Amino acid sequence: MERTFVMLKPDAIKKDVAGEVISRLEKAGLEIIGMKMIKLDEKICREHYAHHVDKPFFKGLVEFMCSTPVICMVLEGENAVEVVRSLAGPTDSKKAPKGTIRGDFGTDVQANIIHASDSRETAESEIKRFFKKSELFSQ
Ligand code: IDP
Ligand code: MG
């Protein structure tokens, strides 16, 4: 059993596709063990996207990520990290194949609907960043 962290980004909220995305994740056999809506701020974006802080697109990325609340989730299942990354598809929605979440619902490289942890280690630190232990309900 593995856990992964997922965030439905502001474009998922604005396009009213959060439910459809959650449904795809559930149909893939993943259990939702934590879920909440929060508003990001620049500080948490700097932590969560530390690998992009020096990029020219970072300011725009922060504006986008803070433009509406986001839905944060912790999912549990076999190979959860890899399963969600493959359901999400590649970062650039324009290059993401149809049938992937980003390919079907995303707009471009920034507005790509979903964040998903990229490794078991990242998942662990992202879950800690966004959830208290008491907010997780593993069966
Ligand atoms: P990932 O979300 O597929 O793991 P990362 O490279 O970790 O991709 O980038 C994190 C997020 O930063 C992306 O999902 C996207 O929203 C944003 N991003 C990445 N590259 C660009 C870019 O070139 N322009 C604008 N936003 C970008
Ligand atoms: Mg990433």
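Just follow the structure's listing: the first ligand is 1, and inside any ligand the first atom is 1. Small disclaimer: the values here were computed from a predicted structure and weren't measured. All values below come from the heavy atoms of this structure, side chains included, with hydrogens, waters and symmetry mates left out.
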Item to complete: Output yes when Glu20 and Arg24 qualify as a salt bridge under the 4.0 Å nitrogen-oxygen rule, no when they do not.
Response: no

Worksheet, complete the sentence: among protein heavy atoms, the one nearest atom 27 (C) of ligand 1 is Phe57 CE1, 3.4 Å

Worksheet item: Using heavy atoms and a threshold below 4.0 Å, how should the contact between Met65 and ligand 1 be classified: side chain, backbone, both, or neither?
Response: neither

Discussion item. Regarding Arg46 and Asp41, does a basic nitrogen lie under 4.0 Å from an acidic carboxylate oxygen?
Written reply: no

Worksheet item: Nearest protein heavy atom to atom 4 (O) of ligand 1, by residue and atom, and its distance?
Response: Arg85 NH1, 2.8 Å

Discussion item. So that I know where these two stand, are Phe58 and Tyr49 an aromatic pair - ring centroids less than 6.0 Å apart?
Written reply: no

Discussion item. At under 4.0 Å between heavy atoms, is it the side chain or the backbone of Phe64 that contacts ligand 1, or both, or neither?
Written reply: neither

Fill in: Heavy-atom nearest neighbour in the protein, as seen from atom 10 (C) of ligand 1, with distance rounded to 0.1 Å
Tyr49 CE2, 3.4 Å

Practice prompt. First locate atom CG of Asn112, then atom NZ of Lys95, and finally report the distance between them rounded to the nearest 0.5 Å.
Written response: 12.5 Å

Worksheet item: Which heavy atom of the protein is the closest neighbour of atom 7 (O) of ligand 1, given with residue, atom name and distance?
Response: His51 NE2, 2.8 Å

Worksheet item: Any idea which part of Lys55 is under 4.0 Å from ligand 1, heavy-atom wise: side chain, backbone, both or neither?
Response: neither

Practice prompt. Name the closest protein heavy atom to atom 15 (C) of ligand 1, giving the residue it belongs to and the distance to 0.1 Å.
Written response: Val109 O, 3.2 Å

Worksheet entry | Residue and atom name of the nearest protein heavy atom (relative to atom 2 (O) of ligand 1), distance in Å to one decimal | Arg102 NH2, 3.0 Å

Item to complete: Return the residue, atom name and 0.1 Å-rounded distance of the protein heavy atom closest to atom 5 (P) of ligand 1.
Response: His52 NE2, 3.5 Å

Worksheet item: Does the ring of Phe64 carry Lys9 above it, NZ/CZ under 6.0 angstrom from centre and within 45° of its axis?
Response: no

Worksheet item: Which option out of Asp11, Thr91, Ile114 puts a heavy atom nearest to atom 8 (O) of ligand 1?
Response: Thr91

